[in-house]
Structures are given as structure tokens and as C-alpha cells.
Amino acid sequence: MTMRQTKVQTKVETRFQARFQIQRHSHSHSLFKMLMRALALCLLPLAGLPAHAGEPLPAGLSNCQASFPLARDGADQKLARGFNLPNWDPAYSGYKPDDSLLGQLNALGFTHIRLPVPAERFMETFSTPEQISAYSAALDAEVTRLVGLDYAVSIDLHPSSPFQHLHMQQPEKGLALLLDAWDRIAALSVQWPRELVYFELLNEPAPSQSVWWPQAQKLVTHLNATEPGRKLVVGPAVFQRSEILAASEPLVGEGLVYAIHYYDPMVFTHQAMTWMPQSPLALISHVPFPADASSPLLIKQVEKLKAAGMSDAAERMLESYRDGWNAERIAAALAEVGKWSRDHKLPVIINEFGTLTFAVDPHARAEWLRAVRTAAEQNCLGWTHWDFSDGFMMVNPETTLPDPLVLDALLPQS
């Protein structure tokens with residue numbers, strides 16, 4: 001750790017722990033909320049943290065005031081900075097943040113929450129009517145809560161393997177199920193403000209782009225007709241990669257926001273992954289960023305793969321770093337989709353980006369997050385961090401405190 005890194009970590013830890021630890025000693029919830037809101041508002045100008053939507057965009061987006069598509073109105077501008085919240089789901093067994101913490105994060109500058117919603121929960125092929133009803137009630141309550149906390153909310157239809165396999169094997173049946181699911185959600189959304197609650201058609205569509213994009217058009221046309229005025233978020237197939245969107249023509253419809261995901265390089269963002277133990281990514285750890293093929297820490301991981309009999313994976317890993325991975329390379333990749341956004345005068349957000357925390361240098365992780373966030377803002381793209389308090393955490397579930405290095409990377413001082 002360099003002296004600069006030590007000073008930054010100490011400063012942000014002191015600042016953010018002072019704000020968040022008050023929660024543990026408060027005997028009056030309402031008084032605590034008023035005190036925290038006042039404290040946050042007092043500290044924001046001193047800290048140089050981003051302002052709320054409706055006020056000027058943060059420094060990194062200041063050059064986007066005229067052209068930034070998300071600034072077309074105050075509500076869309078809220079999509080500029082956010083995080084994913086899988087924790088809300090009734091079946092989620094981990095840490096669930098309360099109103100106080102979410103309110104504090106909002107005061108610090110986060111204005112958008114993306115809610116992953118398992119698509120299967122709204123499909124009778126996979127759920128009973130009773131299960132759909134119970135889940136609908138839970139989603140309604142959560143959306144109402146988050147809107148009341150001054151967040152824009154995107155309902156992310158986020159399927160797992162049952163629907164993904166069906167969608168791949170039987171695309172038309174998959175589309176029919178999607179239409180039915182969105183009709184159910186639309187019926188549920190009568191009380192949700194149209195300017196604050198967005199419908200995200202489908203997370204990382206499983207079929208090819210040639211199959212998915214015409215299906216996305218049918219969904220857009222349908223929802224524009226049945227839910228006029230509701231903003232729609234749509235991403236391309238192939239893991240919502242930026243180059244797929246940049247090579248695609250825009251869809252025809254009203255209120256469209258386009259979404260990509262960014263996790264490059266995977267050997268850095270997914271190192272030490274646990275859910276695919278046979279993957280080469282499960283074996284590597286402490287991959288550096290920035291780095292190139294000559295970096296000693298990278299070479300050490302290459303040798304680890306070779307020793308495990310994964311020579312092909314080791315060579316691919318080394319090859320992926322031949323040109324180096326740094327902030328400039330990330331900026332160049334996102335500039336392409338930034339140009340697409342400007343050329344078509346359409347808003348684009350990166351609504352997933354993040355790095356696993358299992359075996360990564362926290363400062364390298366912070367540098368990667370800072371590089372993506374900076375490139376996004378330079379290209380007038382909104383962003384939404386993945387995730388909240390799981391493997392890609394921005395909040396430590398044990399202390400219920402935000403990671404100070406992550407906050408400094410995402411909401412920097414001026």
C-alpha cells in the first residue's frame with residue numbers, strides 16, 4: 001500500500017464510518033433520520049460529493065449537460081448513479097438494508113436502484129398463482145418503499161437457468177412468457193410513478209442478438225401501447241456487451257434507455273469465483289490492475305494455471321494482457337458505445353459493473369471501479385454498481401458500513 005493509498009483509505013474510512021456508525025447508537029429512529037439527513041447535507045458540499053438529480057450533474061458529467069441524454073428531464077437524470085439491490089428479494093437470506101442506510105446512500109449521491117426480479121416468479125410455467133400473488137405483493141411494497149426514499153427504480157426481469165434454457169430452445173415460447181410476465185407487472189404498477197419506475201425488459205438475454213433484438217422490438221411496441229409513458233430499459237444479447245449494442249440499430253419506440261454490462265477483463269473482475277469450481281477463474285487470485293503481460297503477479301497466476309494442467313487457459317490469460325489492461329483501455333472500449341449514444345441521441349447506462357472481493361487487492365479493485373466510472377461519465381453514460389453486499393459488495397454485511405474505497409472510487413471528492 002502506497003502512502004497515498006493509506007491516506008485516502010484513512011480519510012474516507014474516518015468520514016464514512018463517522019456517518020454510518022451513528023446508526024448503532026440511536027435510540028430514536030425518527031430523530032436519527034433527521035440528524036443523519038442534516039449531517040449528510042451539511043457534509044456533502046465539503047466532501048465534494050455529487051448532488052441530487054435535478055441539481056447540476058457531478059463534475060465528471062459536467063460536459064454532458066447539453067448532450068447527456070439522461071439529462072433530458074430530472075427523472076432520467078437519476079439513472080446517472082446507482083447500485084443493484086438483489087437483497088430485496090423475499091427469498092434472499094442475507095443482509096437486507098433498512099430505510100436508514102438506503103437514505104444515507106441517497107444523501108451521498110446514489111439516486112437509482114436496480115431491482116433484480118427473477119422472471120420465473122411471474123410465469124405460471126414456473127410458479128403457482130399463489131406464489132405469483134405473494135411475490136407481486138412483496139415487489140409492490142419494495143418499489144413503494146424505494147420510491148419513497150427518493151430513488152428511481154428499475155424493475156430488472158432477471159431470469160435464471162429454467163427460463164434461459166427455455167428461451168434458447170423455444171424462442172417464441174420464451175417471448176410469449178415475457179409478454180405475459182410484463183402484463184402481470186404492468187397490472188401491478190398502477191400506483192408506481194411513471195417518471196421514477198422503469199421496466200427493464202430482460203437481463204442478459206440468452207438467445208443470439210439476431211433472435212433477441214426483434215423480440216425486444218415486439219416487447220417495446222407492446223409496452224408502449226399498454227403502458228404509455230412508462231420508460232423502458234433494454235440491453236443487447238451476448239451478456240449485454242457494449243460492442244454488441246454499438247453494432248446494433250436502435251429499436252423503434254418511446255421512452256427507451258439502453259443498458260450494457262461491463263466486466264472486462266474477466267480474469268480480474270471474476271478471479272477466485274466460487275460458483276464454477278472447475279473454471280480457470282476459480283483458481284486465480286490477486287490478479288493486478290493496472291497490469292500487462294510482464295506483471296509479476298499476473299505471471300504468477302499464469303504459472304498457477306499451467307501447474308493445474310490448464311495450459312490453454314494460461315495462454316489465453318497471458319494473451320489477453322499483451323496490450324495491457326488500464327484505465328485508458330477501458331475508456332477506449334466505452335468510448336465506442338458513448339459514440340453510439342451521441343450519434344443516436346439515446347441514453348445508455350452501464351447497469352452492471354463490479355469486481356469480486358474474494359481474493360483481490362482492494363486498491364486494485366478500487367482503481368478498476370474508478371476507471372469504469374470515470375470512462376462512463378466521460379462518455380455521458382449512467383452507471384449502476386453490481387452488487388450490494390454479496391461477492392461484489394459495496395456494503396460490508398457484517399458491519400453494515402459501505403466499503404470506503406468503493407465509495408471513494410464511485411463518488412469521489414472534487
Side-chain angles (χ1 to χ4, degrees), residues 75-76 78-79 82-92 96-99 102 106 111-160 162-164 166-167 173-205 215-235 253-257 259 349 351 384 388:
D76 276 356
K78 282 178 173 283
L79 297 184
F83 54 86
N84 283 263
L85 188 63
N87 309 55
W88 84 273
D89 191 276
Y92 182 86
K96 292 181 181 288
D98 60 15
D99 290 2
L102 294 177
N106 181 258
T111 51
H112 169 221
I113 290 180
R114 183 178 184 240
L115 285 185
V117 173
E120 293 85 352
R121 298 291 180 88
F122 284 96
M123 299 173 177
E124 288 192 354
T125 299
F126 304 105
S127 300
T128 67
E130 293 75 20
Q131 290 172 329
I132 293 173
S133 178
Y135 194 83
S136 297
L139 178 60
D140 184 30
E142 184 66 8
V143 172
T144 300
R145 175 173 86 116
L146 297 178
V147 168
L149 291 171
D150 198 28
Y151 282 101
V153 178
S154 53
I155 309 300
D156 157 38
L157 208 60
H158 202 107
S160 53
F163 175 79
Q164 289 172 325
L166 183 150
H167 199 191
K173 183 175 181 180
L175 174 59
L177 290 176
L178 286 173
L179 286 164
D180 187 52
W182 278 116
D183 282 345
R184 293 178 188 277
I185 296 173
L188 179 67
S189 70
V190 175
Q191 301 301 320
W192 301 347
R194 292 180 185 273
E195 70 276 11
L196 290 177
V197 181
Y198 296 68
F199 288 175
E200 183 176 349
L201 303 186
L202 186 64
N203 177 74
E204 297 190 355
Q215 290 194 342
Q217 181 63 70
K218 291 179 181 178
L219 285 164
V220 167
T221 301
H222 177 75
L223 287 170
N224 275 175
T226 60
E227 279 286 293
R230 180 74 67 186
K231 305 291 181 60
L232 307 177
V233 181
V234 58
E254 298 297 324
L256 297 181
V257 176
I349 62 175
N351 65 358
T384 311
F388 191 76

- Closest heavy-atom pair, G174 versus H167, reported as atoms and distance to 0.1 Å, is CA-CD2, 3.9 Å

- Message: Please check: side-chain N/O of R230 versus main-chain N/O of G255, any donor-acceptor pairing under 3.5 Å?
- Response: no

- Item | Approximate separation, where rounding is to 0.5 Å, of H158 NE2 and F163 CZ | 13.0 Å

- Message: Checking the side chain of R184 only, and the main-chain atoms of F122 only, is there a donor and an acceptor separated by less than 3.5 Å?
- Response: yes

- Task: Flag the pair V147 / P193 as yes when at least one side-chain heavy-atom distance between them is below 4.5 Å, and no otherwise.
- Result: yes

- Message: If you define the side chain from C-beta out and look only at heavy atoms, does anything of E142 sit under 4.5 Å from V117?
- Response: no

- Message: Could you tell me if the side chain of V234 sits less than 4.5 Å from the side chain of L219, heavy atoms only?
- Response: no

- side chain to side chain contact (heavy atoms under 4.5 Å, CB included) between R145 and L102: does it pass, once the steps are laid out? CA-CA 10 Å; R145 175 173 86 116; L102 294 177; 3.6 Å; yes

- Message: Any non-hydrogen side-chain atom of W88 less than 4.5 Å from a side-chain atom of V143?
- Response: no

- F83 vs I113, side chain to side chain contact (heavy atoms under 4.5 Å, CB included): CA-CA, chis, key distance, verdict: CA-CA 5 Å; F83 54 86; I113 290 180; 3.7 Å; yes

- So do the side chains of N224 and L232 get within less than 4.5 Å of each other, counting heavy atoms only? yes

- Are P159 and M123 side-chain neighbours, meaning at least one heavy-atom pair lies under 4.5 Å? no

- Item | Spatial distance of atom CG (L202) from atom CG (L175) [nearest 0.5 Å] | 10.5 Å

- Side chains of L146 and L115 in contact at under 4.5 Å (non-hydrogen atoms): yes

- Exercise: identify the closest heavy-atom pair between F126 and L166: CZ-CD1, 4.1 Å

- Item | Spacing of OG1 belonging to T111 relative to CG belonging to L79, to within rounding of 0.5 Å | 7.5 Å

- Item | Interatomic spacing from CD1 in I155 to CD in E200 - rounded to 0.5 Å | 10.0 Å

- Task: Verify the neighbour count for atom CD of E254: are there more than 12 heavy atoms of other residues, nucleotides or ligands below 6.0 Å?
- Result: no

- Message: List the residues meeting side chain to side chain contact (heavy atoms under 4.5 Å, CB included) with D183, not counting sequence neighbours, and say none if there are none.
- Response: H222

- Message: I'd like to know if E195 pairs up with K78 as an ion pair, taking the criterion as any Lys NZ or Arg NE/NH1/NH2 lying under 4.0 Å from an Asp or Glu carboxylate oxygen.
- Response: no

- Query: How many angstroms lie between CG in N87 and OH in Y92, if you round to the nearest 0.5 Å?
  - Reply: 4.0 Å

- Minimal heavy-atom distance between E120 and S160, with the atoms involved, is OE2-N, 3.0 Å

- Item | Minimal non-hydrogen separation, H112 against S154, with atom names | NE2-OG, 2.8 Å

- Nearest-0.5 Å distance that lies between atom CG in N351 and atom CZ in R114: 4.0 Å

Donor-acceptor list for residues 133-140 side chains, cut-off 3.5 Å, not counting sequence neighbours:
unit_1: Y135; atom_1: OH; unit_2: D89; atom_2: OD2; d: 2.6
unit_1: S136; atom_1: OG; unit_2: I132; atom_2: O; d: 2.7
unit_1: D140; atom_1: OD1; unit_2: W192; atom_2: NE1; d: 2.8

- Message: Taking the side chain as everything from C-beta on, heavy atoms only, tell me whether N106 gets closer than 4.5 Å to L149.
- Response: no

